[in-house]
Protein chains: 2
Amino acid sequence: MQKNAPKAKDVEIRLDAQLCFAIYGAAHAFNRTYKPLLEPLGLTYPQYLVMLALWEEDGHTVKVLGEKLGLDSGTLSPLLKRLEQSGLVARQRDPQDERQVVITLTEKGAGLKAQADEVYAAIGQAIGCSVEEAVAVRDSIIALKERLNKAGE
Amino acid sequence: MQKNAPKAKDVEIRLDAQLCFAIYGAAHAFNRTYKPLLEPLGLTYPQYLVMLALWEEDGHTVKVLGEKLGLDSGTLSPLLKRLEQSGLVARQRDPQDERQVVITLTEKGAGLKAQADEVYAAIGQAIGCSVEEAVAVRDSIIALKERLNKAGE
DNA sequence: CGTAATTAGATTGTGCGCAATTGAATTGCG
DNA sequence: CGCAATTCAATTGCGCACAATCTAATTACG
């Protein structure tokens, strides 16, 4: 593990930096890949992630959506309003606890899933790797993320 | 490629979605981890990435920085202006080709590297994995990114 | 030369992403 | 009951990120 070569520290530094660059760039690459595919659906990438969460299970509160996606209300509130304006979701206060806003899919929003499913195929092609490989990458990234989250309390 | 099992497609869909979520979340996790560490230096995370590139090699043009980081001038121009206002870099037109703007570190900017090096140690701890593991993650993420970039022409 | 095409940056407009603040609703505790 | 603390969402302000557009400088070509 320890090296005597004079450049050992530089190598580690570069590795950290390269890991940053890699994640940073990969996130943008995903964004750029999705963008043209989502444009016909009238969705941005973060909006698509919200819709994915709703297609999986409808009726989440803003808070739960925020926890799923790691976003706070400052990001979600305007985003959800745009989805509402697009007629894809409805926002209504929970009568039991009026602090909470429940997000539900409209018929149009639910119907969009069919088109969205076609996006998967294109993305799957773009990713262009085996299921096993994708699982491995996913798991190592999740592990990395968990460690980062834990390190920040 | 075609399957008869009813849930096979759902599994693939989830995998794609999970990979998206993972990358998306990991990028934010990095951002959140760096933010408090960079705040004493007066840098944001993207600004830090620009400084990393300059510490590695000073005197890049805006174009080269954009290629290294995958950012366009619409993002870099205001970012570099803020770094200039902070007194960390200087922007000057290349006399040979006045279309180009060369970014150089000021003394203050170069001096910041010492403090930034301490950030590495903290990040290294936060990442909390072996060099081999980090290399493996980095490489698989880079490979994924390359495929995405290639898929989008 | 001189005009067209190319290249480099800057600007504009939209949409995240997050910290900090605000305000309304609910809960807890005496 | 009554008041303080808590919870949830919305708002505000700042900084990316990118497409589209614009301006200025350089290069290519006749």
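Letters A, B, ... are given to chains in the order of the sequence lines, protein chains preceding strands, and every chain is numbered from 1.
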Please give me the minimum heavy-atom distance between A:Gly109 and A:Trp55, naming the atom from each residue.
O-NE1, 3.0 Å
Enumerate all atom pairs, one protein N or O and one N or O from nucleotides 21-26 of chain D, separated by less than 3.5 Å.
residue : atom : partner : partner atom : Å
D:dT26  : OP1  : B:Glu98 : N            : 3.1

Over 60° means perpendicular and under 30° means parallel, so tell me whether B:His28 and B:Tyr24 are parallel, tilted or perpendicular.
perpendicular
A:Glu84 atom CD is separated from D:dA9 atom P, nearest whole Å, by 14 Å
Lys/Arg N to Asp/Glu carboxylate O, A:Lys63 vs A:Glu67, below 4.0 Å:
yes
Closest heavy-atom contact between B:Leu19 and A:Phe30?
CG-CZ, 4.3 Å
When rounded to whole Å, the CG to C1' distance for the pair A:Leu76 and D:dA9 reads 10 Å
Look at B:Arg82 and D:dC16 and indicate whether a side-chain polar atom (N or O) is within less than 4.0 Å of OP1 or OP2.
yes
Within this structure, what is the NZ-to-P distance between B:Lys81 and D:dG15, rounded to whole angstrom?
14 Å
Give the rounded distance in Å between these two atoms: NE2 of A:His60 and P of D:dC8.
16 Å
If you define the side chain from C-beta out and look only at heavy atoms, does anything of B:His60 sit under 4.5 Å from B:Ile103?
no
Using whole Å, report how far CD of B:Gln47 lies from C1' of D:dA17.
14 Å
First and last nucleotide of DNA chain C, 5' to 3', lying under 4.0 Å from heavy atoms of chain A:
C:dG15 to C:dT26
Can you check whether A:Tyr24 has a side-chain N or O nearer than 4.0 Å to OP1 or OP2 of D:dA17?
yes
Whole angstroms only, please: what is the CZ-P distance between A:Arg32 and D:dA19?
8 Å
DNA chain C contacts made by residues 65-73 of chain B, counting heavy atoms under 4.0 Å
B:Ser73
Residue matched to D:dT12 through Watson-Crick or wobble contacts both under 3.5 angstrom:
C:dA19
Nucleotide D:dG15, atom P - distance to CG of B:Leu38 in whole Å
15 Å
